[in-house]
Amino acid sequence: MRRLALSLIGLLALLPLASAQTSAAKPMLAATPPMGWNSWNWFAGKVTQDDVKQAADLVVSTGMRDAGYVYINIDDTWQGKRDASGVLHPNEKFPDMKGLADYVHSKGLKLGIYSSPGDLTCAKFEGSLGHEQQDADLYASWGIDYLKYDLCGFRTKLDAEAPGDKLKQNVMMRDAYVKMHQALLKTGRPIVYSLCQYGFDSVWQWGPEVGGNLWRTTGDVRDNFPSIALIAETNVGLGKYAGPGHWNDPDMLEVGNGKLTMDENRTHMGMWAMLAAPLLAGNNLTKLTPEVTGVLTNREVVAIDQDSLGKQAERVYQEGPVQIWSRPLADGGRALAVINFGEDTTFLRGIPLHLKEAGVTSGMKARDVWAAKDLGAIKDDYKVALKRHEMLLLRFSK
Ligand code: GLA
């Protein structure tokens with residue numbers, strides 16, 4: 001029975017894939033990791049329509065849009081109540097969702113929204129349970145381009161209907177994600193589908209089957225370095241599951257939210273670029289400093305993240321607190337990150353690079369990306385020096 005349930009899910013999910021393949025005219029959704037801004041990390045439950053409008057304005061005026069940040073995503077707490085026909089209305093913080101979408105679109109940007117397969121979201125606002133098609137149609141009628149679908153309230157249903165039965169719970173969870181995927185497809189509007197269930201049941205193994213363009217691999221990111229280091233560690237070995245149209249999501253960026261040093265901001269951003277991660281800035285754009293803007297919009301770092309080959313980095317080796325991650329690039333080159341995760345505040349000197357082990361072939365030329373400096377053809381005896389939590393990001397080209 002369980003097997004049957006699983007295979008039905010598989011079949012259902014494959015149908016849209018088959019139709020997508022036949023309609024060659026449709027461009028692939030999320031062919032590179034989605035980039036944009038999301039309200040949660042900074043504004044959380046306080047976000048209003050004006051904050052979102054202002055974020056759209058600032059994404060344009062700071063040059064973030066031109067660097068690739070196009071999705072303006074409203075997270076939890078926009079929802080009001082359903083009317084007698086079950087149609088959901090935004091709450092008083094978002095008086096005109098259609099107007100907001102038009103405004104965001106007029107700036108050459110896209111608008112994202114948030115819901116849950118449960119009756120309630122994480123912040124205890126209205127979820128989509130039992131109203132999936134109605135909600136998908138509503139999003140499409142407003143002109144929504146991206147949906148983050150957060151398990152949250154659905155966990156209560158899982159515990160009530162299948163107490164202690166993990167296998168059944170997993171089938172129910174996948175079913176819930178398929179249901180919204182089908183509903184989104186039925187609208188006919190291209191809507192990026194972001195699964196948020198914190199990596200349960202190794203979501204990277206089945207995320208594409210249920211229609212996910214990206215899926216969270218961990219719990220929530222926090223504005224501190226241990227959180228960034230833990231998320232990087234949890235993503236070891238997941239590279240093979242990512243690729244054009246379907247990405248591992250190590251969660252939104254905390255760059256510029258105030259608690260990370262500039263070295264840590266660069267390491268966070270550079271690590272996410274190595275992970276081919278969706279780049280959703282989560283900061284208060286009204287407080288952007290030129291330094292933080294420089295980190296978020298660094299063209300060479302963004303280019304690694306957005307590389308069309310879509311191959312996520314893997315950790316190739318570590319020496320003490322230093323980790324070396326490597327990813328192949330579309331031009332036949334490689335990106336290499338050398339990161340000092342250690343706590344020692346004294347400069348770590350003489351870190352050796354094992355280039356061959358990291359996939360760098362002889363004769364390749366190196367560029368120090370953060371320093372924007374060509375290094376020429378470096379050899380295995382090239383020694384790196386790093387401060388606490390600092391990253392050296394190298395791009396090798398043939
Ligand atoms: C969960 C998600 C967060 C955010 C909040 C909103 O914690 O993981 O990213 O969406 O819910 O309530």
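Below, all heavy atoms of this structure are taken into account, side chains as well, without hydrogens, waters or symmetry copies. Whatever order the structure lists ligands and atoms in, that order sets their numbers, starting from 1. Predicted, not measured: the structure shown is a model, and the values here were computed from it.
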What is the ring orientation for His389 with Phe225, classed by angle as parallel under 30°, tilted 30 to 60°, or perpendicular over 60°?
parallel

Considering only heavy atoms of [X], which atoms of ligand 1 have at least one such atom less than 4.0 Å away?
{"X": "Tyr198", "result": "8 (O)"}
{"X": "Asp75", "result": "4 (C), 6 (C), 10 (O)"}
{"X": "Lys148", "result": "3 (C), 4 (C), 9 (O), 10 (O)"}
{"X": "Cys122", "result": "1 (C), 11 (O), 12 (O)"}

Consider only side-chain N and O atoms of [X] and [Y], and report whether a donor and an acceptor are under 3.5 Å apart.
{"X": "His89", "Y": "Gln79", "result": "no"}
{"X": "Tyr114", "Y": "Asp150", "result": "yes"}
{"X": "Ser141", "Y": "Lys98", "result": "no"}
{"X": "Asp96", "Y": "Gln49", "result": "no"}

What do we get for Cys196 next to ligand 1 when only non-hydrogen atoms under 4.0 Å count, side chain, backbone, both or neither?
side chain

Please write down residue, atom name and distance for the protein heavy atom closest to atom 7 (O) of ligand 1.
Asp220 OD2, 2.7 Å

Please report which non-hydrogen protein atom sits nearest to atom 12 (O) of ligand 1, along with the residue it belongs to and the distance in Å to one decimal place.
Asp76 OD2, 2.8 Å

Using a plain distance cutoff, I'd like to know if Trp40 has any nitrogen or oxygen under 3.5 Å from a nitrogen or oxygen of ligand 1.
no

Is there a polar contact between ligand 1 and Asp251, counting only N or O atoms under 3.5 Å apart?
no

Between Arg299 and Asp66, does a side chain to side chain contact (heavy atoms under 4.5 Å, CB included) hold up when you go through it step by step?
CA-CA 10 Å; Arg299 293 295 197 279; Asp66 294 345; 4.2 Å; yes

Nearest heavy atom to atom 2 (C) of ligand 1: which of Leu151, Asp150, Thr218 does it belong to?
Asp150

So, for Trp272 and Trp247, is the gap between ring centers shorter than 6.0 Å?
no

